[in-house]
2 protein chains.
Amino acid sequence: MAKTTSNKTIDNSTEEKIKAAAQKVFHQKGYAATRTRDIALEAGINLALLNYYFRSKQKLFNLIMEAALIKFMMSLKMVFNDEKTDLQTKVERICARYIDLLIKEPELPLFIMNELRHHPQFIADKIEPLDILSNSVFATQFKEAVKKGSIRPTHMLHFIMNILGLAVFPFIAQPILKNIGKLNENQFKKLMMERKKLIPQWVKLMMNPT
Amino acid sequence: MAKTTSNKTIDNSTEEKIKAAAQKVFHQKGYAATRTRDIALEAGINLALLNYYFRSKQKLFNLIMEAALIKFMMSLKMVFNDEKTDLQTKVERICARYIDLLIKEPELPLFIMNELRHHPQFIADKIEPLDILSNSVFATQFKEAVKKGSIRPTHMLHFIMNILGLAVFPFIAQPILKNIGKLNENQFKKLMMERKKLIPQWVKLMMNPT
DNA sequence: GTCTATATACGGATAGAC
DNA sequence: GTCTATCCGTATATAGAC
């Protein structure tokens, strides 16, 4: 990061340091439990400076939330609109991308799901425009496959819920699962890596017509 | 509720009214975003009275959180320890119980998962003692089925994650799913009712040995 | 038991010096 | 741009009257 080939500082700027700190604290604690003082401390700067750069806690949060939503929804959007891949490949790619992402940032989905309840404006502002279902290559391929009888006739949303439920839920329920399974961090990650291969196989079996 | 046949008031007591209000507000907003004033208002009583009965926000929260955890984990515990049902029936019962529960209380899982991050003591205090896996009838039946080759050899936790992911995740991601699927409340509920039948079938297909 | 009034603390935001 | 000091609203909790 640090500097580009030009002499313009890009990533170690105070602004970026605050954003990075804000992401860490907001993702961990959520909006309501976060203290702007904690963010300042984490960023190694003063509270006043945070307000100098971002005006308010809410405005800073909006930036972080928007980035999180894009990170979370982008995989879906990219993979679902790829003309070059078939349905089964799309499932594989979705699983791989989500599990890789969530092993790096396990707090992302719980943060997003939780904050969406309290800041409903993001649903309209950021998710609505993605329009993943109706006009995607995926939607076309799915309907086609149902028509041909190569997968069982199911509401497309069931299919999405299944993939995301299988891939994302374990990260949301991580504390409970680690406890009932008596797993440490590494054992949990290992299971998640296994699921990258397993989920696409399972989904295929689930959708196979009788 | 109101009164029993005896003349002792049971359920409309002030204490119960406060608890009911606290559950509603805590479940909706989470601990950090909840104001004790909101609970008092919701209960139709005064703020001072809340502290008279429960001493502090934290103590009141602990009661609500404990009840939520029991409600959420009890189904698992009961069904998994039933000597009379086989594995497939257990899957059916788990799905039916969770989906019925979550249609009535859709905020329960997100509340629990989110608060468990911030109040880790509950993981040890309340979940640990349930010991669902190692000593349950389910665990025995699962291992037996793997040994017999009637289901494919899989880590038991994958199996649990799959059932819960398929049944619970849609409620956690409800706002996103409603939006990308353009569903209203009733259409969403209808899909969830469908899943009560579908998930056990899917799980069976997933686990069928090749 | 239930209320009104208030003590006390905390958190977001700003003023103003450097 | 960055700091220290501080203002001010808000939230939990309690004191004390009824």
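This structure is a prediction, so every number in the text was calculated from the model and none was measured. We name chains A, B, ... by the order of the sequence lines, and we start the count at 1 in each one.
- Rounded to whole angstrom, the span from the CG atom of B/L41 across to the C1' atom of C/dT2 amounts to 16 Å.
- By the 6.0 Å and 45° rule, A/K57 does not stack over the aromatic ring of A/F26.
- Partners of A/E107 by salt bridge (Lys or Arg N to Asp or Glu O under 4.0 Å), not counting sequence neighbours: none found.
- Remark: P of C/dG1 and CG of B/N12 are 15 Å apart, rounded to the nearest angstrom.
- In B/K196, the NZ atom is crowded: over 12 heavy atoms of neighbouring residues, nucleotides or ligands sit closer than 6.0 Å.
- Comparing D/dT2, C/dT2, D/dC3 by their nearest atom to the side chain of B/Y53 picks out C/dT2.
- Legend: residues meeting salt bridge (Lys or Arg N to Asp or Glu O under 4.0 Å) with B/D125, ordered by chain and number and at least two apart, are absent.
- Under a cut-off of 6.0 angstrom, the local environment of CZ in B/R93 is sparse, with at most 12 non-hydrogen atoms contributed by other residues, nucleotides or ligands.
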Enumerate, atom names and distances included, each donor-acceptor pair closer than 3.5 Å involving a side-chain atom of residues 155-169 of chain B, sequence neighbours excluded.
{"unit_1": "B/H155", "atom_1": "ND1", "unit_2": "B/L157", "atom_2": "N", "d": "3.0"}
{"unit_1": "B/H158", "atom_1": "ND1", "unit_2": "A/R195", "atom_2": "NH1", "d": "3.0"}
{"unit_1": "B/H158", "atom_1": "NE2", "unit_2": "A/E194", "atom_2": "OE1", "d": "2.9"}
{"unit_1": "B/N162", "atom_1": "OD1", "unit_2": "A/R195", "atom_2": "NH1", "d": "3.1"}
{"unit_1": "B/N162", "atom_1": "OD1", "unit_2": "A/R195", "atom_2": "NH2", "d": "2.7"}
{"unit_1": "B/N162", "atom_1": "ND2", "unit_2": "B/H158", "atom_2": "O", "d": "3.3"}

Reading nucleotides 11-18 of chain C from the 5' end, what letters show protein touch, with B for base, S for backbone sugar-phosphate only, - for no heavy atom under 4.0 Å?
BBBBB---
Enumerate donor-acceptor pairs with a distance under 3.5 Å from any side-chain N or O in residues 35-43 of chain A to protein atoms, sequence neighbours excluded.
{"unit_1": "A/R35", "atom_1": "NH1", "unit_2": "A/A32", "atom_2": "O", "d": "3.4"}
{"unit_1": "A/R35", "atom_1": "NH2", "unit_2": "A/A32", "atom_2": "O", "d": "3.4"}
{"unit_1": "A/E42", "atom_1": "OE2", "unit_2": "A/K24", "atom_2": "NZ", "d": "3.1"}

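- If you look at B/H119 and B/Y31, their ring centroids are closer than 6.0 Å.
- Within residues 22-30 of chain B, no residue is approached by DNA chain C to less than 4.0 Å at the level of any non-hydrogen atom.
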